[in-house]
Structure formats: C-alpha cells, structure tokens
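Lettering follows sequence order; numbering is per chain, from 1.
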Number of protein chains: 2
Amino acid sequence: MFKPITIKDIAQALELSPSTVSRALSDSYEINEETKKRILEYAEKHNYRRNPIASSLRQGRSYSIGVIVCEVANSFFSQAIDGIESVAYGKGYHVIISQSHDSYEREVVNIQHLANRAVDGLLISMSAETKDFSHIINLHDQGLPIVFFDRIIDTFDTHTVTTNNREGAKKATQSLIDRGFKKIAHLANAPHLSITSERLEGYEEALRQNGIALEESLIRYCHHGGRIQQEVEEAVRYFLALPEKPEAIFVASDRLSMGCLSAYNNLAPKDRHPAVAGFSNSDVLDLLQSDFTCVHQPAFEMGRMAMELLIQLIESKYPVYDFDNVVLETELISR
Amino acid sequence: MFKPITIKDIAQALELSPSTVSRALSDSYEINEETKKRILEYAEKHNYRRNPIASSLRQGRSYSIGVIVCEVANSFFSQAIDGIESVAYGKGYHVIISQSHDSYEREVVNIQHLANRAVDGLLISMSAETKDFSHIINLHDQGLPIVFFDRIIDTFDTHTVTTNNREGAKKATQSLIDRGFKKIAHLANAPHLSITSERLEGYEEALRQNGIALEESLIRYCHHGGRIQQEVEEAVRYFLALPEKPEAIFVASDRLSMGCLSAYNNLAPKDRHPAVAGFSNSDVLDLLQSDFTCVHQPAFEMGRMAMELLIQLIESKYPVYDFDNVVLETELISR
DNA sequence: CTGAAAGCGCTAACAT
DNA sequence: ATGTTAGCGCTTTCAG
C-alpha cells in the first residue's frame, strides 16, 4: 500500500547510479560536493529514509542492541535504561528492551528471541532465578558481544559494570548500628545472584567490625527476588515470630524493601515495625517510611558505561581479550 | 567472526534446493513429509535460525511493532506493556519499547526512529506535552497502522483503547464525598490530554450530582504530567495557601499522586494532609497513605486489546475503515 | 513435490 | 568522481 522511495528511485530521477547515491547519503568523501548536495536535497525533499533492514542485511549488522532486565518497572533498571539509551541514541544504536520478570524460563526465551532478532550485542542483568548459564554461554561462544551489568556472572570473561555492593551494604548496616540497633536482620535476594553474596559480605563485615555476633537465624533469602510477595511476607512473618525480634533490617533491594514495608504494614502495628535500610533507587520509598535509609546505586551511570563498553566490543576490529570490570561507588542517603 | 548456518547450507548438505528447504522450514504443505522431516532434523541439529532481517527484507514486513509510552517506570504502562507482550509473543511479533518522558521533542524523535526502523505498526499513548500531531498523522497517511491507547487523539480515525475515565473520576470523587468531604480539589494532568478532560468531567459531574458547587480555584493542572516535581509542589503550595484549604483531593494520575503525597509530606505536617483519591495502578501508593482510594485501570487488558487491534490492522488484506473505540471500565479500590 | 531464478534495498569491491 | 556488478539470506513466482 505505502511504497517508500528508494535509492534506486533517487538514482533514476537524478540520472546517477545507485552507488553514487548511496555514497552521497552516507556522506562519502569520494563524492563531488555539488552532486552530494543535489542528492541530499532531492532525498530530503522526497522524504527519503534509508531502509534499515536492507542495510542491516547487507552490512551484517543491525545497529540494535538488546537489553535484558528483570523488569522495567523498577527504579534501578528504568534509570539504567535511561543511561543506556542516552549513549545508544547518540551512536545510532537502537535499544530493544526485554523483561525476564526474574523468571529463568522467560530469560531464556527472551535472550533467544533477541539473538535471533539479530542484535549486535546484549546487555544483561541476570534474572534472580537463573542458575544455568548455558543459554548465554552458547551465544557468547558464537561471538555475540555481551556486557553484564549489576547482576553478573563472574565466571564469564567479558566486561562487567557493577556497584560496590559490599561497601554499600556495609554502609547501610553501619548506619543502622550507628542509630543504636544491635539486632539487625538481613532480608536477602536470591542466593545465587552475584549481588546477593556481595551484599551479604558487607552486612557481615559491618557487624564484625562492631563486635556484633552474626546470627544466621536473622538472615532470610527470597529466591524469586520478591517477585512473589508471598515469599517476602513469609520472611516478615518469620521475623515477627522470632522470640527476639530484630530491631532493624538491612534489605537487599528495592523490590524487597517495597514488599517488606508492605508486609509489615499488613502484619504488625506501626510501633512494632523495625528500622529499615536498604538498596534502593526509588524516589518514593522514603515516603513510605520516613526514616528509611537507602543505598543509592548510580544506575544511569552504570547503564551509560555498560552501553559504552558494549559498543566498544561490537565495533572492535579485533577480538577483545582484555576486559574491564567497572565497579562504581554507591551513595548512602540517610534520614 | 561468527557465521550462522543458512538455508543454502542446509540445501547443499541435503542436496536439495534452497526453495525446498525454505518451504519445509515454514511447514509448507507442498513438501513431502519425509523430506520435511530430514530438513527439520538437520536444521534442529545444526541449530539453524532463520535470519529475520533477510526475511523481513524479502517480505516487506518486520514482525516488530513499536510502543511509545511516556515512561516504563509507571505501573500503568508497565502493566500495559505486559499485556502487549503477552499477545505479541504469541503471534510472533517483537515489541520495541520507546519512552517519550512526556516530552514532545522526544516523542517526535522516537516515533521517527521507530518508523524508520521499519516497524509494522505503532502503539501510542500520547506524551503530555504534545499538542501538534503532524508527525503521527504523516506516518498514518503513509499507511502505517497505528492504535492509540489510554491517551488518545480523538480527531484521528483509527482503533483506540481507553478506560471510562469520566466514570472512574466520578467514582473516585463520589468516594470522597461519601466520606463527608465537601471541599474537594482536583489535581489534573496536562490540559490537552484526552484523559484530562474526561476525568475533569467526571469530577465535575460527581460534584454537581451532590449539589456541591464547582470552584475553578480548586482545580490545578500539571502541564508536564508531573514529570517536573516542581509543578506538583507548586500546586500543593497553592492548595496550602488557600484561605479555605481543600479537605480532599482527586488526583488524575499515578505520577501526580506520588508527587502530590510527596509534596504534602515535605510541606505540611501529617495532620494537615487532605484525603486523597486518584487514578493509580501502583501497588505501593496505598502504603504511602493508608486511606488512599484509587481508581484502577485494567492496564494489562488494555495492552492486550490494543495489540490485538493493531495486529488486526497489520494483517488485514484490505484497507480498514471501520474502527473500534474500546472503552474498558475502571475499578474503584477504596479503603 | 521439487528446482531455477529473480529480487527485496542497500553497499562495497572493483572497475573506469 | 562515478559506474558496474555482485550478493547479503530469504521467499516466491513460474516451470517442470
């Protein structure tokens, strides 16, 4: 029904060859300024748009990259995506976003889908459920450039962008200790995530340095990253049922904080809510609980960096063997 | 570096022609079951993936659709996207998400980008800032299928999916009246949005039916849809400075509710906060203010429907002149 | 039921 | 500085 104008049409109209037109449109130095101007003007006037599909097929590149995150409705990831896009658009790349919803199955399907869709590279933050990495390793082995951010696989030779999770967790826990709390619980993410163990370490270190004994019974994991509110509620019920209830909780993520505060709201009167500190990039969570202290990750910057590293990989003429593992610092926002 | 296997490779290996292989792979009835099986098995074994770019070029279709929303970090839109994806994946379409951040400029750029990127159709929810629709009209005139959802342009002949905004607003306002409030303000979205006038109508209707005089001075618009927190704060300051402060506010959107509650938190002691009811698909807003009554839109369903209508347009053999304007009901969730 | 051949729109090596 | 030609991988007439 609608037939866009092609390079051939322009060539015909201007009595030139398609190659000349193609070159002029990509501003090749070989083309006479005069001719170039004529072509550009004609193209502009007739609203010519390069057909990216044909171009991709010819060049073997799609100028699009895929992003896999657990969900976009999450402050951290939406900010990271903004960072990714800020770089991508500038360099002529298109960003295709895909959500795993922290489900292993959907992650596999989506990654296949994207790879299949001929993206030039992948930006991945692992789903909480994923324990088997073969679907990613396969693609990587086949030569698809991949950069991990936030939730990484450490047994993987490629660029990564993370935050200093250990230090962030330590700061958050320390802030609770400074407020006089001793019995500090930890609501953790899925155990096999990179961020989980790092944040756990920071929590433990803070306790140790303050001479507080670590109690395993005060640590609860959420195997689906809080995707299922029930698992968070169970953890909260557990805390509430303890003979010695925690005075404070260090929560590992935004989503968990949300679920945790919500569960306490439902299950216990306000005066029995513990103090909470946790990782969060939300701009509303502090409203929920006015004394909510949060560890803020530089999400935008992380997205930016990850995208830049990915483009580096994609555009490198030679195989890259030297990988960057960027670690950015967190910021503690206390009230 | 990485060279995927092609139809030609399979044809060569099996001593068949590429056309036979192609047909077998798309399960054509013309192909001998035996041959088909051989081909499918070989393809499977060698991990063949159809090159979607070549396929698109040939077929003149990309099997991808573009979605433009103001932002994904918004419960309503993220739920709508889930709905869109649920249909898209089932029908073999790919979804490319793009955010306008309620900025006219970004909306134009992104829509161009998507159209340029050869999507088969567009699912659009207008940005709050957009008053000039020519960028969309152009594409539509060129034959690009477009379906609007939530924030529509009514002077546009195509399918639309919305909620009954008037009725929803009326219910929310009525709930405030039922709680005994008489002086009810309205914090509205950008004035030129379709949803804004409809929700305003509902608000006015509820007041009228209860014999409450409409006071223009109690209505404040946020021209950037609350994208700029400052504009929300200004409105709240305005309400707080009124000689007769509103006892309750009907807020037009999630984002505005967030900003509004946040602003009150910062600007006034808790006992001076008005009751609030508003449109929202958030699962946390009620935690902010326990008596927050919200009008919930069937976001997932809206996304689903919009996508189905779009596919209908795309796959229709003949030009479509008969358009559906689906209106779904809202649900009032009161506390 | 299978094959040959053309072509989607663009680009790049190889002329000239 | 411009043109010729071939081909990316796939689909689809048309022919057998």
Basic-acidic side-chain contact under 4.0 Å: [X], [Y]:
X	Y	answer
K91(B)	E308(B)	no
D120(A)	R61(A)	yes
R38(B)	E41(B)	no
E301(B)	R304(B)	yes
E71(B)	R106(B)	no

Interatomic distance, [X] [atom1] vs [N] [atom2] [rounded to whole Å]:
X	N	atom1	atom2	result
L14(A)	dG3(D)	CG	P	10 Å
R61(B)	dC8(C)	CZ	C1'	15 Å
N51(A)	dC8(C)	CG	C1'	8 Å
R38(B)	dC1(C)	CZ	P	15 Å
I7(A)	dA6(D)	CD1	P	19 Å
E30(B)	dA15(D)	CD	P	15 Å
K8(B)	dG3(C)	NZ	C1'	15 Å
Y29(A)	dA12(C)	OH	P	12 Å

Which part of the nucleic acid, if any, lies within contact of [X], taking any heavy atom under 4.0 Å across all strands shown: a base, the sugar-phosphate backbone alone, or nothing?
X	value
Q59(B)	sugar-phosphate
R23(A)	base
S26(A)	nothing

Is the shortest side-chain N/O distance from [X] to OP1 or OP2 of [N] below 4.0 Å?
X	N	value
S19(B)	dA4(C)	no
Y48(B)	dG9(D)	no
T20(A)	dG3(D)	yes

Side-chain-base donor-acceptor pair under 3.5 Å for S22(B) and dT12(D):
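Flag unset: no donor-acceptor pair detected.
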Assuming nearest nucleotide by heavy-atom distance, tell me which of L16(B) and S55(A) is located more 5' along DNA chain C.
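Between the two, 5'-proximity favours L16(B).
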